[in-house]
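Structure, as structure tokens:
For the single chain, residues carry numbers from 1 onward in sequence order.
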Amino acid sequence: MRTIGVIGLGKMGLPIAENLLGRGFDVVGYRRSIECPELEAAGGAVASSPADLAASCEVIVSILPTADDVEHVIRGPEGTLSTMRPGTVHLEMSTIPVTSKLGLMRQLEHVGATMLDCPISGSPGMVGPRLATVFASGATEAIDRVADVLDAISGPWVRTGDFGTGTHLKYISSMLVATHTVAAAEAIVLARRNNLDLDMVQRTLEKSIAGSALLEQRGPLMARRAWLPAPGPIATLHEILDQIEVHLHDLGEHRPVFKAAKAVFDQALADGWGELDIASVHDQISTEDALMRGVSK
């Protein structure tokens with residue numbers, strides 16, 4: 001089996017590495033703190049630098065918080081470019097602007113390597129059981145060569161087209177997550193305000209034409225007001241919403257429903273709720289309602 005390098009062993013990267021190990025791949029991981037006993041306990045090895053990792057891997061996976069982080073591990077003093085071998089396929093899974101990835105893709109081409117834009121859609125808890133979805137975009141031949149790697153990382157994955165379409169589909173997915181979450185929260189708040197049985201509301205609506213995956217997953221959390229532990233923290237989603245806002249501006253697009261939903265998440269983040277689950281916007285809406293009722297009186 002090929003050796004796969006995983007750069008970024010956080011909430012998403014570590015279960016990705018464990019999934020690869022579970023499918024029989026050799027895995028070498030890297031994170032800035034260097035030590036990763038969890039990966040070693042699962043049977044993986046830890047590299048001393050991105051360059052050290054790239055020297056021994058045919059396929060590299062990176063999933064990092066920011067474009068600067070991705071730039072550093074590839075082009076930095078001990079970056080992967082310094083040791084990357086021709087024929088290497090780099091699956092870039094971070095949710096960062098396509099313009100950043102395009103520049104790095106061209107750098108890899110100079111050494112005979114290929115970058116694919118492969119963001120992953122789903123919360124950290126969905127990665128381990130392979131329920132998250134990878135949006136794979138870029139050179140068809142390269143995707144074919146790493147199809148078994150994508151199978152190991154996540155059960156569902158989809159080819160989205162040319163390089164960058166994976167990230168754009170991730171933006172669309174995250175836009176729907178935000179708007180559906182706020183819509184579900186408004187519905188639960190209204191049900192609570194009318195003294196309806198929330199279990200009955202959930203059972204009735206979640207499988208109906210009015211239902212959604214977000215209502216099914218987050219409705220019970222809203223009913224119980226259970227925000228921790230957070231399957232999907234507000235801060236994580238908000239980083240992507242900021243990117244979507246910039247992307248829409250660059251396209252000259254106006255999306256009022258997205259704008260209204262983002263305003264709710266903006267306020268939640270400003271109020272220090274970043275570590276709470278996205279379902280907690282239920283309380284943002286409840287608070288706003290209470291304030292409005294106070295004003296109207």
Side-chain angles (χ1 to χ4, degrees), residues 1-21 23 25-120 124 127 134 136-139 142-143 145-146 149-150 152-153 163-164 166-167 236 239 243:
M1 297 292 285
R2 288 171 294 176
T3 300
I4 315 298
V6 180
I7 299 176
L9 298 169
K11 292 180 180 179
M12 304 288 274
L14 182 59
I16 284 172
E18 291 170 340
N19 283 349
L20 289 164
L21 287 164
R23 289 293 179 92
F25 290 99
D26 292 330
V27 174
V28 178
Y30 171 78
R31 68 180 176 193
R32 280 171 291 191
S33 61
I34 303 300
E35 295 181 359
C36 187
E38 304 95 330
L39 179 63
E40 292 178 309
V46 178
S48 60
S49 68
D52 179 36
L53 179 146
S56 63
C57 297
E58 295 94 327
V59 178
I60 297 172
V61 174
S62 59
I63 183 160
L64 297 161
T66 70
D68 286 344
D69 292 329
V70 179
E71 174 90 11
H72 180 74
V73 300
I74 293 175
R75 299 183 60 192
E78 295 184 283
T80 58
L81 269 177
S82 62
T83 59
M84 190 177 288
R85 295 175 289 179
T88 299
V89 178
H90 184 138
L91 281 65
E92 214 311 291
M93 303 185 74
S94 313
T95 303
I96 61 174
V98 172
T99 50
S100 298
K101 294 192 182 189
L102 278 170
L104 294 170
M105 179 193 74
R106 296 185 182 110
Q107 290 286 315
L108 264 64
E109 288 175 346
H110 292 318
V111 298
T114 302
M115 175 178 282
L116 298 174
D117 170 40
C118 298
I120 188 166
V127 178
V134 174
S137 67
I143 294 175
R145 285 167 51 201
V146 297
V149 177
L150 291 166
I153 289 173
F163 189 95
T167 290
T236 301
E239 291 174 0
Q243 289 186 41

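Judged as a side-chain hydrogen bond (donor to acceptor under 3.5 Å, both in side chains), and not counting sequence neighbours, the contacts of Q243 are Y171. Under the side-chain hydrogen bond (donor to acceptor under 3.5 Å, both in side chains) criterion, E40 pairs with no residue, sequence neighbours left out. A search for side-chain hydrogen bond (donor to acceptor under 3.5 Å, both in side chains) contacts involving T95 returns K170, not counting sequence neighbours. Applying the side-chain hydrogen bond (donor to acceptor under 3.5 Å, both in side chains) test to R145 and every residue at least two apart in sequence or in another chain returns nothing.
Of all heavy-atom pairs between H72 and P77, the closest is CE1-CD, 4.0 Å. Between A136 and I143 the shortest heavy-atom distance is O-CD1, 3.9 Å. The heavy-atom pair separating E18 from A42 by the smallest distance is CG-CB, 4.3 Å. For V28 against C57, the heavy-atom pair with the smallest separation is CB-SG, 4.2 Å. The nearest pair of heavy atoms linking F163 to M115 is CE1-O, 3.4 Å. Contact between N19 and A152 at its shortest, heavy atoms only, is CB-O, 3.2 Å.
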Using side chain to side chain contact (heavy atoms under 4.5 Å, CB included), reason through I63 and I120 one step at a time and then give a plain yes or no.
CA-CA 9 Å; I63 183 160; I120 188 166; 3.7 Å; yes
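Atom CD1 of I60 sits about 7.5 Å away from atom CG of L108, to the nearest 0.5 Å. In this structure, C36 SG and Y30 OH are separated by 12.0 Å, a value rounded to the nearest 0.5 Å. Between the CD1 atom of I4 and the CZ atom of R23 there is a distance of 13.0 Å, given to the nearest 0.5 Å. For the atom pair L39 CG and R31 CZ, the distance stands at 8.5 Å (nearest 0.5 Å). The structure places CE of M12 at 12.0 Å from CG of L64, a figure rounded to the nearest 0.5 Å.
With E58 contributing its side chain and R2 its backbone, the two residues share no donor-acceptor pair below 3.5 Å. Between the T167 side chain and the G164 main chain, no donor and acceptor come within less than 3.5 Å of each other. Without hydrogens or angle criteria, S137 side chain to G166 main chain gives a donor-acceptor distance under 3.5 Å.
Looking at heavy atoms from C-beta onward, L53 lies in side-chain contact with I7 at the 4.5 angstrom threshold. You'll find the side chain of V149 reaches within 4.5 Å of the side chain of F25, heavy atoms only. Using a 4.5 Å heavy-atom threshold, the side chains of L104 and E92 count as separate. In this structure, the side chains of L116 and V89 come closer than 4.5 Å at one or more pairs of heavy atoms. You'll find the side chain of V98 reaches within 4.5 Å of the side chain of L102, heavy atoms only.
Every pair passing salt bridge (Lys or Arg N to Asp or Glu O under 4.0 Å) that includes a residue from residues 65-78 is listed here, sequence neighbours excluded: R32-D69, E71-R75. Each salt bridge (Lys or Arg N to Asp or Glu O under 4.0 Å) pair with one or both residues in residues 109-118, not counting sequence neighbours, appears once here: K101-D117.
Screening V127, V6, V61 for a side chain to side chain contact (heavy atoms under 4.5 Å, CB included) with I153, the sole residue that qualifies is V61.
Side-chain atoms of S62 and H90 form a donor-acceptor pair, as typed in the model, at a separation below 3.5 Å.
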